[in-house]
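Read the structure below first, then the notes.
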Protein chains: 2
Amino acid sequence: MQDVANRAGVTKQTVSNVVNGRAAVRPDTEARVRAAIADLGYEPNLVARSLATGSTMTVGLIVPTVASPFYSEIVEEVENVLDQHGYHLVLCTTRADGDRAKRQLAGLSSRLVDALLIAGDRDLTDPLALLPDARFPIALCAWETQIPDSLPVVTIDYEHAGFLAGEHLRSLGHRRIAAVVELPTHELRLAGLRRAFGHDKVSDDHVFVPTKPTPAGGFAAAQAALAADPELTAIFASHDLLALGVLEAVKESGRSVPGDVSVIGFDDTAPVALTHPALTAVAIPSREMARQATALLLRAIDEGTQPVNSAQLLRTSLVIRDSTGPAPR
Amino acid sequence: MQDVANRAGVTKQTVSNVVNGRAAVRPDTEARVRAAIADLGYEPNLVARSLATGSTMTVGLIVPTVASPFYSEIVEEVENVLDQHGYHLVLCTTRADGDRAKRQLAGLSSRLVDALLIAGDRDLTDPLALLPDARFPIALCAWETQIPDSLPVVTIDYEHAGFLAGEHLRSLGHRRIAAVVELPTHELRLAGLRRAFGHDKVSDDHVFVPTKPTPAGGFAAAQAALAADPELTAIFASHDLLALGVLEAVKESGRSVPGDVSVIGFDDTAPVALTHPALTAVAIPSREMARQATALLLRAIDEGTQPVNSAQLLRTSLVIRDSTGPAPR
DNA sequence: GTGAAAGCGCTAACAC
DNA sequence: GTGTTAGCGCTTTCAC
């Protein structure tokens with residue numbers, strides 16, 4: 001920068017003004033400076049700028065994984081918003097590894113980021129205690145388990161979403177159902193389902209916990225469910241990837257969907273609209289959550305305050321497609 | 001830091017030594033410093049450290065998208081390797097937007113990152129000219145179109161991979177096939193397919209370009225293919241997501257897979273092993289590419305040199321599952 | 001083993 | 001409009 005200043009016959013400060021378009025600079029001076037910048041191939045050092053300004057123009061995002069449509073949609077949406085505002089994204093995936101999550105949290109805490117968004121409570125329920133004293137804004141999104149009231153959060157009412165799914169199945173006449181549910185992560189979804197049916201109708205022996213959060217996991221769990229009760233007429237899956245596997249398992253067993261067995265998913269991410277039959281699912285506004293949470297953080301950065309500490313619950317809705325129908329007689 | 005030093009009755013330098021475990025510090029001094037750190041809740045400012053050391057412990061990754069299993073696997077693998085070495089990941093997705101890609105490139109160029117990995121050439125073939133003069137290591141991976149010889153790259157022989165798929169189908173007796181191919185992105189894959197069959201066997205009117213790189217896109221393209229030539233016995237899809245849609249479209253048309261029509265995919269990402277029938281696919285070692293490219297960069301950072309400029313081609317293989325079989329008579 | 005001084009490259013605040 | 005001065009929080013070098 002000093003070199004540029006020398007070459008243009010000005011001071012560093014003027015170069016800075018030109019680069020940042022901040023103060024008014026006389027056109028001919030600006031031209032000289034720009035010429036010098038071009039000649040020398042000068043590019044400002046953002047680290048130095050960050051040290052001087054105290055802002056890194058970077059936001060951290062912690063997600064459980066990126067290899068699931070739900071979270072990859074969130075990542076993309078967050079990055080969209082950040083990009084629009086000139087911010088960069090530091091991505092951390094926790095991968096069901098609490099230690100890793102803690103390590104990442106510590107790493108980001110040291111002023112590498114201007115704000116932090118934590119999406120999904122899978123691996124980070126505990127270390128959250130560390131957070132409230134951070135010196136940058138933090139927000140949570142897609143938070144399912146006990147919502148800490150020390151931090152702002154944008155999420156949905158997962159219990160209600162589960163209830164919606166249950167109500168839909170119940171109103172179609174289903175009485176004998178199974179649930180393929182990741183536990184304890186998705187226990188609220190299950191609780192909602194049970195509220196719709198009455199707890200006894202979805203007793204523990206009709207709840208199947210997949211070994212992996214993948215279609216394969218859902219497939220195996222659904223096979224177990226059908227083996228345990230061949231008479232069941234509907235299966236609830238606690239998220240879309242599981243539902244994909246459930247759908248296959250039901251079809252594989254020779255049953256028709258939804259003629260013999262109805263299948264309902266959860267999240268309504270992009271891939272499920274194309275299954276055959278197209279999957280009915282509770283739609284979670286993941287992109288909207290990501291947008292709002294990110295906006296919350298950017299506003300907080302702007303105003304130099306902690307974000308308003310509120311719990312914002314977005315609405316969920318049921319997207320009825322072709323995988324659910326009336327219970328067979 | 002000065003506060004900590006005062007409280008412990010030492011200088012900033014000693015605090016620095018303690019924090020970094022660098023020089024030898026007398027145990028009692030260290031204890032006093034650590035106590036002061038704990039009391040004051042001191043955390044080192046990484047930005048200041050970066051300015052002093054010239055290293056940000058951050059690597060940039062540019063990918064077309066994160067909402068596809070192929071790239072999300074790469075992102076996860078890169079982050080794994082970085083995490084192991086104490087590095088952070090700055091993620092940029094280009095989203096089929098050349099301008100956005102250019103902007104991000106420019107943003108990262110200004111010493112925010114210690115190295116840059118560009119995976120996938122979808123949106124960044126052009127601005128690559130800007131790169132060679134960057135002052136940090138850069139590497140490419142999963143590069144399909146003309147490989148620039150100014151930068152190191154870890155990729156596969158896409159033409160050969162396409163050839164493998166073609167050979168497989170040909171050896172099963174298929175003669176009348178269609179290809180669902182993203183163009184121009186995947187033209188090498190198509191070229192390989194054609195080399196196996198002879199160009200005339202996969203003429204342009206048997207090539208269908210999906211409107212979107214999703215299962216839905218593959219579904220529509222396969223429907224068009226089947227409508228155009230109801231007699232075809234095999235369909236090649238230029239990547240897995242398309243193959244998922246192709247599979248559905250074939251089944252939907254009342255044909256059996258692989259009895260009537262064989263389907264072969266490309267990439268062999270996790271989801272395809274669970275389709276029914278399980279998808280045969282050319283396996284691309286995406287995680288291995290990501291690992292090697294990342295390792296290349298970390299080594300270059302370590303040694304303070306540009307990475308060795310080589311084109312490394314990993315091997316591909318065919319994973320034969322249940323979606324391909326002998327051509328019907 | 002610890003301290004003192006200098007500097008990383010930039011911006012902020014004010015004087016001219 | 002532009003120059004001057006100070007300082008962001010750390011590491012580096014070298015003297016002690």
Side-chain angles (χ1 to χ4, degrees), chain A residues 1-37 40-58 86 107-114 134-136 301 304, chain B residues 1-37 40-58 86 107-114 134-136 301 304:
Chain A
M1 188 172 194
Q2 185 63 60
D3 294 347
V4 173
N6 291 147
R7 192 172 230 274
V10 295
T11 54
K12 288 195 305 184
Q13 180 51 30
T14 303
V15 177
S16 173
N17 287 338
V18 169
V19 169
N20 296 305
R22 198 176 305 279
V25 178
R26 222 188 302 151
D28 57 324
T29 313
E30 168 159 0
R32 282 208 320 283
V33 172
R34 292 217 178 280
I37 289 177
L40 272 48
Y42 165 79
E43 287 194 48
N45 180 326
L46 297 192
V47 173
R49 177 181 295 172
S50 291
L51 182 58
T53 59
S55 136
T56 60
M57 296 304 280
T58 289
L108 292 179
S109 294
S110 309
R111 280 239 42 77
L112 255 177
V113 296
D114 290 344
R135 352 180 203 343
F136 48 83
I301 293 174
Chain B
M1 188 171 195
Q2 185 63 59
D3 295 348
V4 173
N6 291 147
R7 191 173 231 273
V10 295
T11 55
K12 288 195 305 184
Q13 178 49 31
T14 303
V15 176
S16 173
N17 287 338
V18 169
V19 169
N20 297 305
R22 198 177 305 280
V25 179
R26 222 187 303 150
D28 58 323
T29 314
E30 168 159 359
R32 283 210 318 285
V33 172
R34 291 215 178 281
I37 288 177
L40 272 48
Y42 165 80
E43 288 195 48
N45 180 326
L46 297 191
V47 174
R49 176 180 296 173
S50 291
L51 182 58
T53 60
S55 136
T56 60
M57 295 305 280
T58 289
L108 292 179
S109 294
S110 308
R111 281 241 39 78
L112 254 177
V113 296
D114 290 344
R135 349 178 206 342
F136 48 82
I301 293 174

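Side-chain atoms are counted along with the backbone in the values below, which use heavy atoms only and exclude waters and symmetry mates. Nothing here was measured: the structure is a model prediction, and the numbers come from that model.
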Take atom CG of A:N45 and atom P of C:dG7, then tell me their distance rounded to the nearest Å.
18 Å

When you measure from the side chain of A:T58 to the backbone N and O of A:T56, does any donor-acceptor pair fall under 3.5 Å?
yes

Value in whole Å for how far the P atom of C:dA4 lies from CG of B:N6
11 Å

side-chain N/O B:N20 vs D:dT11 OP1/OP2, d < 4.0 Å
yes

When you match B:V10 and B:A48 each to their closest nucleotide on DNA chain C, which lands nearer the 5' end?
B:V10

Keeping B:S50 on the side-chain end and B:L46 on the backbone end, is there a donor-acceptor pair under 3.5 Å?
yes

Atom-to-atom span, CG of A:N17 to P of C:dG9 - whole angstrom:
20 Å

Nucleotide nearest A:A52 when distance is taken to its side chain, options D:dG7, C:dG3, D:dT11
D:dG7

Students often get this wrong, so: under 4.0 angstrom with heavy atoms, is A:T53 touching a base, only sugar-phosphate, or nothing?
sugar-phosphate

Separation of D:dC10 C1' from B:E43 CD (nearest whole Å)
15 Å

Side-chain N or O of B:T14 less than 4.0 angstrom from OP1 or OP2 on C:dG3?
yes

From B:N45 atom CG to B:M1 atom CE, the distance as rounded to the nearest 0.5 Å:
10.5 Å

Where the side chain of B:T29 meets the backbone of B:V25, is there a donor-acceptor pair that is under 3.5 Å apart?
no

As a test of reading the structure: which of C:dC10, C:dA12, C:dA4 is closest to the side chain of A:Q13, going by heavy atoms?
C:dA12

Judged by each residue's nearest nucleotide on DNA chain C, which is more toward the 5′ side, A:V15 or B:K12?
B:K12

Check whether any side-chain nitrogen or oxygen of B:T29 sits under 4.0 Å from OP1 or OP2 of C:dG1, and answer yes or no.
no

Just the rounded figure in Å: distance from C1' of D:dC10 to CG of B:D3.
14 Å

Find the distance B:R49:CZ to C:dC10:C1' and express it as a whole number of Å.
20 Å

Here the distance between atom C1' of D:dC8 and atom CG of B:L46, to the nearest Å, is 15 Å

Consider the side chain of A:L51, meaning its heavy atoms from C-beta on, and name the nucleotide among D:dT12, C:dT2, C:dG9 that approaches it most closely.
C:dG9

Salt-bridge contact B:R26-B:E30 (side-chain N to carboxylate O under 4.0 Å)
no

Roughly, in whole Å, what's the span from CE in B:M1 to P in D:dT12?
11 Å

